[in-house]
Asks: 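Below you'll find the structure I mean.
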Amino acid sequence: MRRENGGRIDRGTTLRFTFDGSEYTGHPGDTLASALLANGVRQVATSVKLGRPRGIVSAGGEEPSAVVQIEAPFPEPMLPATTVELYEGLVASSLPGQGRLATEPDPARYDAVHAHCDVLVVGAGPAGLAAARAAAGTGARVILADERSEPGGSLLGTHETITESEPDDVLGPQEVMPGAEWAAATTALLDGLPEVRVLRRTTVIGYYDDNYVVAVERRTNHLGAAAPADVARERVWRIRAKRVVLATGAHERSIAFAGNDLPGVMLAGSARAYANRYGVLPGERAVVFTANDSAYAAAFDLADAGAEIAAIVDVRPAPGAACAAGARERGIEVLTGHVVTAAQGDGQLSSVLAGRLRPEAEAAVGERELAADLLLVSGGWNPVVHLFSQAGGTLRYDEALGTIVPVACRQAVEAAGAAKGVFTLTGCLADGAEAGHRALEAALGTAVSERYTPPRATTETPTAPGTAFWLVPATDYGAHFVDPQRDVTVADVLRATGAGLRSVEHIKRYTTAGTAHDQGKTSGLLTTAIVAHALGASVGELGSTTFRAPYAPVSFAALAGRDRGSLHDPVRVTALHEWHVANGALFENVGQWKRPWYYPREGEDMEAAVLRECAAARQGVAAMDASTLGKIDVIGPDAAELLDRLYTNLMSSLAVGAIRYGVMCRPDGMVFDDGTVIRLAEDHFLVTTTTGNAAAVLDWMEEWLQTEWPTLRVHCTSVTEQWATVALVGPGSREVLAGLAPDLAVSAADFPFMTWREAEIAGLPARVCRISFSGELAYEINVTSWDGLRLWTAIMDTGLVTPYGTETMHVLRAEKGYPIVGQDTDGTVTPQDLGMAWVVSKKKPDFVGKRSFARADTARADRKQLVGLLPEDPGFLLPEGAHLVAGAELPEPPVPTLGHVTSSYRSAALGRTFALALVSGGQGRAGARLYAPVGGVLVPVTVTSHVLYDPEGARRDG
Amino acid sequence: MLLIPCPWCGPREEAEFHYGGQAHVAYPDDPSALSDEEWARYLFFRDNPKGRFAERWSHSAGCRRWFNAVRDTATNEIHAVYRVGEARPVTS
Ligand SMILES: [Zn+2]
């Protein structure tokens with residue numbers, strides 16, 4: 001129900017919104033929760049497991065109950081209604097504990113900012129504002145971040161007034177003003193200072209090492225459809241702060257009693273905030289259930305605003321004197337030494353049962369039924385220590401305060417105000433100012449004599465010591481909710497302790513208490529206390545659980561920022577890319593590269609295109625863009641020595657003008673990469689790597705050079721992008737090359753296999769290498785990237801050459817048994833396992849990996865070795881990854897596997913399907929029959945040599 | 001995210017670095033002279049202390065230099081950074 005007047009809302013403007021299909025109105029300054037309460041809507045959600053009706057419990061981000069789905073203007077699941085600012089046209093609906101992800105793409109933009117500051121203050125309540133004020137105005141860079149729409153924190157929800165202790169340049173001397181006005185004036189002052197940034201609607205979600213703090217700023221969420229499209233909806237702030245002051249306030253907590261989840265049961269301080277900040281009475285007739293004085297202030301504010309207070313049920317023998325007097329003055333009955341035994345009602349609260357608390361009795365009995373549509377509860381206040389704990393700070397249970405407080409942290413951070421357990425307004429203002437000043441001096445590394453004197457409160461929320469009271473004793477705990485969002489009751493916790501669980505961390509996982517959307521902000525300590533009660537331990541003995549980021553839920557979109565869609569990962573294309581696109585290539589991602597996969601002609605599917613491309617390479621001439629192969633320039637007097645130490649074979653004996661294939665292993669002897677090494681000069685080599693491993697190989701070389709062999713005089717440089725490389729393949733390739741390079745002697749005798757020549761090709765300066773990854777006569781032509789497209793076009797303009805892509809390349813190399821590192825190997829495969837014992841030097845005294853080849857493990861007969869497989873049905877294509885087993889029938893699980901298929905293709909040259917596989921003892925199994933379980937059928941295959949095509953190498957010279 | 005003081009560049013974000021495991025595990029002078037057990041120890045065994053640990057880092061997205069750091073594995077505090085080849089400094 002909306003009050004006649006009051007509240008920080010713009011009553012002159014009406015906003016229309018829809019909830020669960022019904023239309024309502026509210027005002028700017030409302031949250032969805034305050035607007036729903038103003039319209040008398042009590043049930044806003046249904047619980048996740050039990051389907052119980054749930055209402056609005058709090059007025060902030062700690063909300064454990066009122067989680068809703070926003071439907072329009074943009075669908076967003078699982079938002080606490082208490083944090084959704086009302087806007088025109090908002091459409092929301094209640095949720096059964098789980099949200100629905102949007103099915104349409106999010107049209108909004110998200111962004112990120114990196115910032116550095118001297119002092120970061122988190123929270124702009126009284127302590128935070130005083131801290132920021134104390135640190136600001138001295139040239140220090142200060143950031144003040146607050147999660148609400150308006151700075152002021154608790155001051156916005158109370159009627160507390162303050163006065164400056166000393167004449168102040170903003171407020172003048174000794175002026176008494178409402179706390180909210182002071183907050184606004186102080187914020188305006190801070191906004192006007194250079195080097196100070198006040199971030200509104202900004203939730204600090206994570207506190208990481210070295211004072212790295214991450215916050216999310218909601219920039220346009222509160223504008224609904226009116227949000228300008230050119231402003232990022234949310235912005236992630238990544239802040240490095242020299243010092244941090246955590247003025248994050250405190251969350252009120254509930255008490256466990258029967259029906260404490262019923263709509264109409266609300267935290268007392270939150271009800272007070274609705275009355276004062278939003279001008280809303282959340283009910284007409286309220287009962288107050290408390291174990292401390294603060295709820296009296298809520299009761300009085302509601303009574304003064306026109307609500308009827310049926311009774312204050314106080315666990316303690318007596319309240320503080322000011323509270324007792326306030327109640328008397330207003331004619332409110334106080335039931336001391338009493339508890340609420342049950343909240344009752346059909347779908348929402350209609351009455352409250354109260355009874356005397358008898359320490360000797362097993363259960364408290366309801367003796368009086370009080371009609372009420374609102375029950376205010378205060379079990380005490382928990383400092384918001386989440387960020388302090390995330391920072392690595394230690395926590396302690398304070399018996400006197402009945403709550404967890406921060407102790408110490410190795411990081412440059414301190415808590416201030418209510419976050420530290422200071423619960424008076426004057427105390428928070430003074431504590432904040434001191435913390436701000438300390439942070440300033442520490443950040444600047446010097447004493448600062450000028451000091452901000454904070455104001456003090458002229459009225460105070462009464463704070464006589466409360467009693468830590470958690471649980472209303474009963475015989476049945478099935479409706480005493482501890483964590484309403486997870487539907488966890490005291491009975492569930494007792495079941496966990498009854499099953500022998502003792503650690504709060506284990507009980508959290510067993511019951512799921514504290515693991516929901518709200519991460520147990522209001523329920524965490526209550527859970528610990530119930531466990532302590534069940535185990536007969538003290539709360540302090542059990543300790544608190546560790547808090548982890550994020551403090552509040554964050555959308556993936558915000559974290560992704562601009563790094564999505566085409567900006568998610570860099571895309572690398574070759575100098576020939578535009579030709580591939582124009583000629584209908586389909587692309588495959590290889591690392592960050594886009595490589596032509598195959599070039600389908602009209603009416604061709606992939607299989608037909610690849611068979612055609614393969615046939616062209618084996619029978620005619622075909623060309624592939626090989627520019628993505630990694631290329632590393634290795635230069636220096638010790639270049640040959642470095643390569644001898646890194647490759648398994650000898651490189652120093654390579655003649656200038658010649659090329660050698662090489663394999664690199666890790667020290668454990670497992671294959672790491674392979675490629676060719678070209679000797680350009682005595683002290684100059686060009687090393688090629690696999691496409692995906694280029695950066696790793698360069699890193700590998702650098703690591704050895706810098707950490708083990710710093711005396712070697714050699715430099716390694718990536719030159720991958722500097723060259724465009726075209727593989728010209730097939731029995732007709734010599735003729736095509738001769739046509740393009742009339743001055744080049746191309747005969748097998750003049751230009752032998754594994755040599756390179758400099759030549760002019762199609763009028764372009766080029767380096768031509770006679771190497772083959774297909775077994776056919778082949779050349780790799782390298783020109784500068786600038787000339788790449790001209791070279792390729794000249795080759796295609798001959799009209800003799802078929803372009804082919806990576807799929808055909810894979811088929812051709814697999815037919816020859818050439819492995820692909822990372823596809824046919826997996827970090828557990830030696831060169832010998834690949835049938836390449838010939839590439840491992842016996843002469844060199846050492847190279848990386850050599851010693852491991854003398855280990856018994858690398859000589860095991862049952863090592864997985866590369867073999868070829870021919871399915872007995874020549875049309876059957878084995879799926880890559882398929883396992884291989886010995887018998888025609890599967891034994892009972894676990895089934896011993898002999899290995900798996902690593903590559904599988906249809907071969908034009910073989911006229912059938914074939915595969916490569918790693919098989920235990922495979923080199924000794926030629927001719928054996930194995931089986932591949934595929935889709936419930938055991939497919940018979942025959943093991944062959946891994947070289948299936950032209951094993952004699954007869955085709956190499958054309 | 002750590003703030004790592006590269007000995008060449010000064011403090012930089014952890015995202016610019018690659019981790020390289022335990023420092024001062026030198027490649028043996030003559031691997032062929034080692035027993036299988038000694039070689040396996042070089043290959044596969046590393047310390048995993050709770051507390052101060054000398055480890056290798058590479059400023060891979062910066063100066064691309066390798067260096068060593070003494071980091072407390074329990075608190076992530078970096079107590080010293082030093083260049084490859086230098087002895088581990090004494091940190092109390
Ligand atoms: Zn550096």
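Sequence lines set the chain letters: A, B, ... in the order given, protein chains first and strands last, and positions in each chain run from 1. Remember, predicted model here, so these are calculated numbers, not experimental data.
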Asks: Return the minimal non-hydrogen interatomic distance between Tyr42(B) and Pro667(A), and the atom names on each side.
Replies: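 Heavy atoms only, the tightest pair is CE2-CB, 4.3 Å.
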
Asks: What residue in Tyr208(A), Trp709(A), Tyr212(A), Trp704(A) has the most heavy-atom pairs under 4.5 Å with chain B?
Replies: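 Maximum pair count with chain B is reached by Tyr212(A).
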
Asks: Who wins among Glu14(B), Arg64(B), His18(B) for the most heavy-atom pairs under 4.5 Å with chain A?
Replies: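 When all of Glu14(B), Arg64(B), His18(B) are compared, Arg64(B) has the most.
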
Asks: Go through the atoms of Tyr207(A) and report whether side chain, backbone, both or neither lie under 4.5 Å from a heavy atom of chain B.
Replies: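 Contact with chain B: none, neither part.
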
Asks: Is there a side-chain contact between Ser852(A) and Leu43(B) (heavy atoms, below 4.5 Å)?
Replies: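 Yes, their side chains come closer than 4.5 Å.
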
Asks: Under 4.5 Å from any heavy atom of chain B, what part of Asp846(A) do you find: side chain, backbone, both or neither?
Replies: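 It is the side chain, since no backbone atom gets that close.
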
Asks: Under 3.5 Å, is there a donor-acceptor pair between the side chain of Asp210(A) and the main chain of Leu3(B)?
Replies: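 Checked: pair present.
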
Asks: Heavy-atom count around His568(A) NE2 within 6.0 Å, excluding the residue itself: above 12?
Replies: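 Not more than 12 within 6.0 Å, no.
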
Asks: Do Thr75(B) and Arg410(A) pass the side chain to side chain contact (heavy atoms under 4.5 Å, CB included) test, and can you show the C-alpha distance, the side-chain angles, and the key distance before you say yes or no?
Replies: CA-CA 8 Å; Thr75(B) 66; Arg410(A) 64 180 171 77; 3.4 Å; yes

Asks: Answer yes when Asp36(B) and Arg851(A) have at least one side-chain N-carboxylate O distance shorter than 4.0 Å, and no when they do not.
Replies: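 A salt bridge links Asp36(B) with Arg851(A).
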
Asks: Can you tell me which portion of Phe67(B) sits under 4.5 Å from chain A's heavy atoms? Options are side chain, backbone, both or neither.
Replies: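 When you check distances to chain A, no heavy atom of Phe67(B) falls under 4.5 Å.
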
Asks: Testing the basics here: between Val848(A) and Tyr27(B), what is the closest heavy-atom pair and its distance to 0.1 Å?
Replies: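 For Val848(A) and Tyr27(B), the tightest heavy-atom pair comes out as CA-OH, 4.2 Å.
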
Asks: Tell me, for Asn211(A) versus chain B, whether the close heavy atoms (under 4.5 Å) come from the side chain, the backbone, both or neither.
Replies: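 Contact with chain B is absent: no heavy atom of Asn211(A) under 4.5 Å.
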
Asks: Could you give the distance from CH2 (Trp66(B)) to CG (Asp699(A)), rounded to the nearest 0.5 Å?
Replies: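 Atom-to-atom, Trp66(B):CH2 and Asp699(A):CG are 8.0 Å apart.
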
Asks: Which one wins on heavy-atom pair count under 4.5 Å against chain B: Glu702(A), Arg240(A), Glu708(A), Arg238(A)?
Replies: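 Ranked by heavy-atom pairs under 4.5 Å with chain B, first place is Arg240(A).
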
Asks: How about CG on Asp29(B), more than 12 heavy atoms from neighbouring residues, nucleotides or ligands closer than 6.0 Å, or not?
Replies: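 Atom CG in Asp29(B) is not crowded, with 12 or fewer foreign heavy atoms closer than 6.0 Å.
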
Asks: Within a radius of less than 6.0 Å around CZ of Phe556(A), do more than 12 heavy atoms belonging to other residues, nucleotides or ligands occur?
Replies: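 No.
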
Asks: Take Arg56(B) and Glu703(A) through the test salt bridge (charged side-chain N to carboxylate O under 4.0 Å, His left out) and record every step on the way to the result.
Replies: CA-CA 10 Å; Arg56(B) 307 188 314 155; Glu703(A) 181 180 341; 2.6 Å; yes

